[in-house]
Amino acid sequence: MSQSDRKSRLEELAPELLAELTETTHERSRELPALEGAENGVVMRFAPNPSGPLHLGHARASILNDYYVRRYGGRYVLRIEDTDPRRVDPEAYGMVQEDIAWLGLGITDVVYQSDRLDIYYDLCRKLIELGGAYVCVCESERFRELKLKGKACPCREQTVEENLELWQQMLDGEFYEGDVTVRVKTDLTHPDPAMRDYSAMRIVSEPLHPRVDATVFPLMNFSVAVDDHLLGITHVIRGKDHIANTRRQRYIFDYFGWKPPVYRHYGRMGISGVVLSTSGMREGIESGLYTGWDDIHLGTLRAIARRGIEADAVRNAMVDIGIGETDISFSWENLYAKNKELVDPKANRYFFVPDPVEVTVEGAPRHEAHAALHPNDPARGVRTLATAGRILLPRADIEGRSMVRLKDLYNIRIAQDGDVLRVTYAGDSLDEARREKAPIIQWLPAETKLPCTLLRQDGSLEGFCEPLVAGEADNVVQFERIGFARIDSVDGGRVSAYFAHR
RNA sequence: GCUGCUAUAGUGUAGGGGCCAAUCAUGUCGGCCUUUCACGCCGACGACUGGGGUUCAAAUCCCCAUAGCAGCACCA
């Protein structure tokens with residue numbers, strides 16, 4: 001039985017259930033797979049590196065973790081991973097907080113790794129005492145060669161006492177950057193070369209860390225393992241680029257006898273059409289190619305917010321994508337659909353006339369048009385546009401046409417007389433316009449209009465919009481027949497809008 | 001090169017031996033509705049990477065191939 005058959009059968013048998021049928025098939029948010037051992041609540045984390053504002057990649061990680069914290073209850077730790085002074089932008093601390101607020105993440109705790117250096121030092125010493133780490137003074141290149149052959153470097157044979165002494169010298173500033181590193185003792189014959197004796201601590205003397213006076217810093221595998229344990233993290237959802245790190249961190253959990261969290265690694269998400277790399281964005285901003293971190297060509301959250309995409313649309317899109325291990329390509333189309341769902345019921349409708357042609361409609365009566373602010377919500381009222389015949393029309397929509405209907409106004413005939421356009425009044429009849437298959441287009445009175453620029457990723461559109469748009473700053477509106485746009489600014493009577501999507 | 005992960009319509013997803021000639025969303029196309037090419041409604045289109053096996057039965061389990069991705073940093 002086909003779906004429509006079923007539906008009509010149901011209508012015969014139990015019409016009262018029909019509403020339920022259509023209801024349940026419509027709005028139902030997706031349920032992601034259950035997390036093992038999460039029944040009594042979870043402690044999860046979002047751990048960005050403060051090198052710039054958050055982008056769509058961060059959005060996936062943070063929203064997926066947020067989703068499970070909401071689902072199971074518990075705590076959500078924001079852990080700022082600022083252990084590499086080279087990759088810390090002091091301004092990013094604030095930007096990350098702003099972006100998190102925008103996303104609406106349910107963060108319950110905030111920790112900065114740069115506040116916890118003493119903890120890492122202490123546990124590093126303990127790890128050395130346990131024989132789980134040694135201080136390596138080999139050149140990194142030399143170590144790499146040995147490692148690939150599965151061979152130990154001489155430092156590996158040092159006694160615990162020797163290692164502790166070297167470690168103390170490291171802390172005392174007796175080494176220079178690059179001369180020494182603390183390695184976790186794993187297995188030099190491990191089939192995966194990525195597992196062999198990785199680094200846990202190193203010296204960074206340049207640049208200075210913006211928050212803390214130190215030169216010895218942990219590498220992420222060490223600080224992450226330590227913090228995941230100390231903060232009581234129960235579940236970790238992150239990208240599969242961390243699979244090897246998860247295995248490396250397991251060594252530290254094992255040395256200390258800690259129980260590791262449950263991990264889930266989702267696949268790589270390719271995002272096209274925007275710039276995502278922090279360095280690429282920074283260079284572009286410095287060279288003037290981009291206007292700032294919220295330039296619409298960037299994949300930052302502030303950039304897509306500027307384009308009128310709502311945080312919940314991003315959230316819905318990310319939950320929809322889920323935690324699958326397959327590599328995927330992020331779909332702007334799907335994001336826009338989620339956003340339209342949110343924005344369409346809210347957005348007021350206005351006319352925007354790009355690339356305008358000003359004409360006089362011969363024989364036109366004085367007329368006042370009333371157009372609904374929202375066609376599905378008459379209670380919102382109307383915009384009133386009065387004209388005596390001088391109007392603005394979108395060039396592309398009248399080219400090659402002999403008759404069009406001006407929406408909520410009247411019909412016009414267009415004749416091309418050499419270079420001159422002759423536009424004449426052609427009555428008020430909507431039926432006639434329909435009969436002649438005249439398109440219904442937007443227009444503006446020549447006397448009442450606001451200059452407006454519609455900025456899009458692939459270039460901007462100049463034109464005019466209704467005066468009422470001035471009151472929509474920061475809102476998303478729908479320019480009829482063009483699409484949704486966020487009114488970014490209204491300066492000195494000039495409107496600047498960012499195109500969101502159709 | 002070594003190690004590992006993955007493979008369902010254009011995109012995202014469900015499905016983990018029979019209920020699958022495969023779900024839902026998005027998209028595209030057509031229709032209805034409509035003073036927007038919006039919204040809503042109806043319909044159509046469109047996929048189990050390939051090859052072997054196991055089994056009465058495979059999208060689902062196993063092997064191989066192929067492809068994509070990740071890691072092999074004193075980055076996170």
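Below, read A as the first sequence line, B as the second, and so on, with proteins coming before strands; counting in each chain starts at 1.
Of the listed residues (A:R60, A:R264, A:R45), just one forms a side-chain contact (heavy atoms from CB on, under 4.5 Å) with A:I237, and that residue is A:R264.
Using a cut-off of 4.0 Å between Lys/Arg side-chain N and Asp/Glu carboxylate O, A:D312 and A:K338 are scored as not salt-bridged.
In this structure A:R250 satisfies the salt bridge (charged side-chain N to carboxylate O under 4.0 Å, His left out) test with no other residue, sequence neighbours excluded. The side-chain hydrogen bond (donor to acceptor under 3.5 Å, both in side chains) test applied to A:N65 returns no partner, not counting sequence neighbours. Remark: A:K147 pairs with no residue by the salt bridge (charged side-chain N to carboxylate O under 4.0 Å, His left out) rule, at least two apart or across chains. Taking the salt bridge (charged side-chain N to carboxylate O under 4.0 Å, His left out) definition, one finds that A:R156 meets it with A:D197, sequence neighbours left out. Residues satisfying the side chain to side chain contact (heavy atoms under 4.5 Å, CB included) test with A:H501, not counting sequence neighbours, are A:I309, A:Y336, A:N339, A:K340, A:F484.
When only modelled atom types and interatomic distance are considered, A:D431 and A:S429 share no side-chain donor-acceptor pair under 3.5 Å.
If you measure from atom CD1 of A:I328 to atom P of B:A7, you get 13 Å, rounded to the nearest angstrom. The distance from atom CG of A:D408 to atom P of B:U34 is 15 Å, rounded to the nearest whole Å. As rounded to whole Å, 14 Å separates atom C1' of B:U11 from atom CD1 of A:I271. Rounded to an integer number of Å, the gap from A:Q442 CD to B:A38 C1' is 13 Å. B:U36 atom P lies 9 Å from atom CZ of A:F351, rounded to whole Å. Following rounding to the nearest Å, A:F330 (CZ) and B:G27 (C1') show an atom-to-atom distance of 15 Å. If you take CZ of A:R435 and C1' of B:U35, they are 15 Å apart, rounded to a whole angstrom. At whole-Å resolution of the value, CG in A:L32 and P in B:G15 are 10 Å apart.
Taking atom P in both B:G53 and B:A59, the straight-line distance is 15 Å, to the nearest Å. Of the P atoms belonging to B:U6 and B:U49, the separation is 14 Å, rounded to the nearest Å. A gap of 24 Å separates the C1' atoms of B:G46 and B:C37, to the nearest Å. With both ends at atom C1', the span from B:A7 to B:A65 equals 13 Å, rounded to whole Å. Taking atom P on both nucleotides, B:U8 is separated from B:C75 by 36 Å, rounded to a whole Å. Taking atom C1' on both B:C48 and B:G1, the two are 33 Å apart, rounded to the nearest angstrom. Nucleotides B:G15 and B:U23 have their P atoms positioned 14 Å apart, rounded to a whole Å. Between B:C69 and B:U26, the two P atoms lie 30 Å apart (nearest whole Å).
Side-chain proximity of A:R405 to B:U35, B:U11, B:U8: nearest is B:U35. Ranking B:C39, B:U26, B:C37 by closeness to the A:R481 side chain, first place goes to B:C37.
Within the 6.0 Å centre-distance limit, the rings of A:F217 and A:H209 are counted as a close aromatic pair.
Heavy atoms of A:N376 sit under 4.0 angstrom from at least one base atom. Note on A:L430: a base of the nucleic acid sits closer than 4.0 angstrom, heavy atoms only. Counting any heavy atom pair closer than 4.0 Å across all strands shown, A:D397 reaches a base atom. Residue A:P345 is out of contact with every strand shown, counting any heavy-atom pair closer than 4.0 Å. When heavy atoms are screened at a 4.0 angstrom cut-off, A:R434 is found touching the sugar-phosphate backbone but no base atom.
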For a quick check, with a 4.0 angstrom heavy-atom cut-off, what is the B/S/- contact string for nucleotides 69-76 of chain B, read 5' to 3'? BSBBSBBB
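In RNA chain B, stems built from 3 or more consecutive Watson-Crick or G-U wobble pairs, each with both distances under 3.5 Å, span B:1-7 with B:66-72, B:10-12 with B:24-26, B:27-32 with B:40-45, B:49-53 with B:61-65.
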Which donor-acceptor pairs under 3.5 Å do the side chains of residues 271-281 of chain A make with protein atoms, sequence neighbours left out?
from   : atom 1 : to     : atom 2 : distance (Å)
A:S277 : OG     : A:G280 : N      : 2.9

Let me check something: any side-chain donor-acceptor pairs from residues 136-145 of chain A under 3.5 Å, sequence neighbours excluded? List them with distances.
none

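Using a 90° window around 0 for the glycosidic torsion, B:G46 falls outside it and is classed as anti.
When the nearest nucleotides of RNA chain B are assigned to A:R502 and A:D320 by heavy-atom distance, the more 5′-ward of the two goes with A:D320. Place A:I321 and A:E333 on RNA chain B by their nearest nucleotides, and A:E333 ends up nearer the 5' end.
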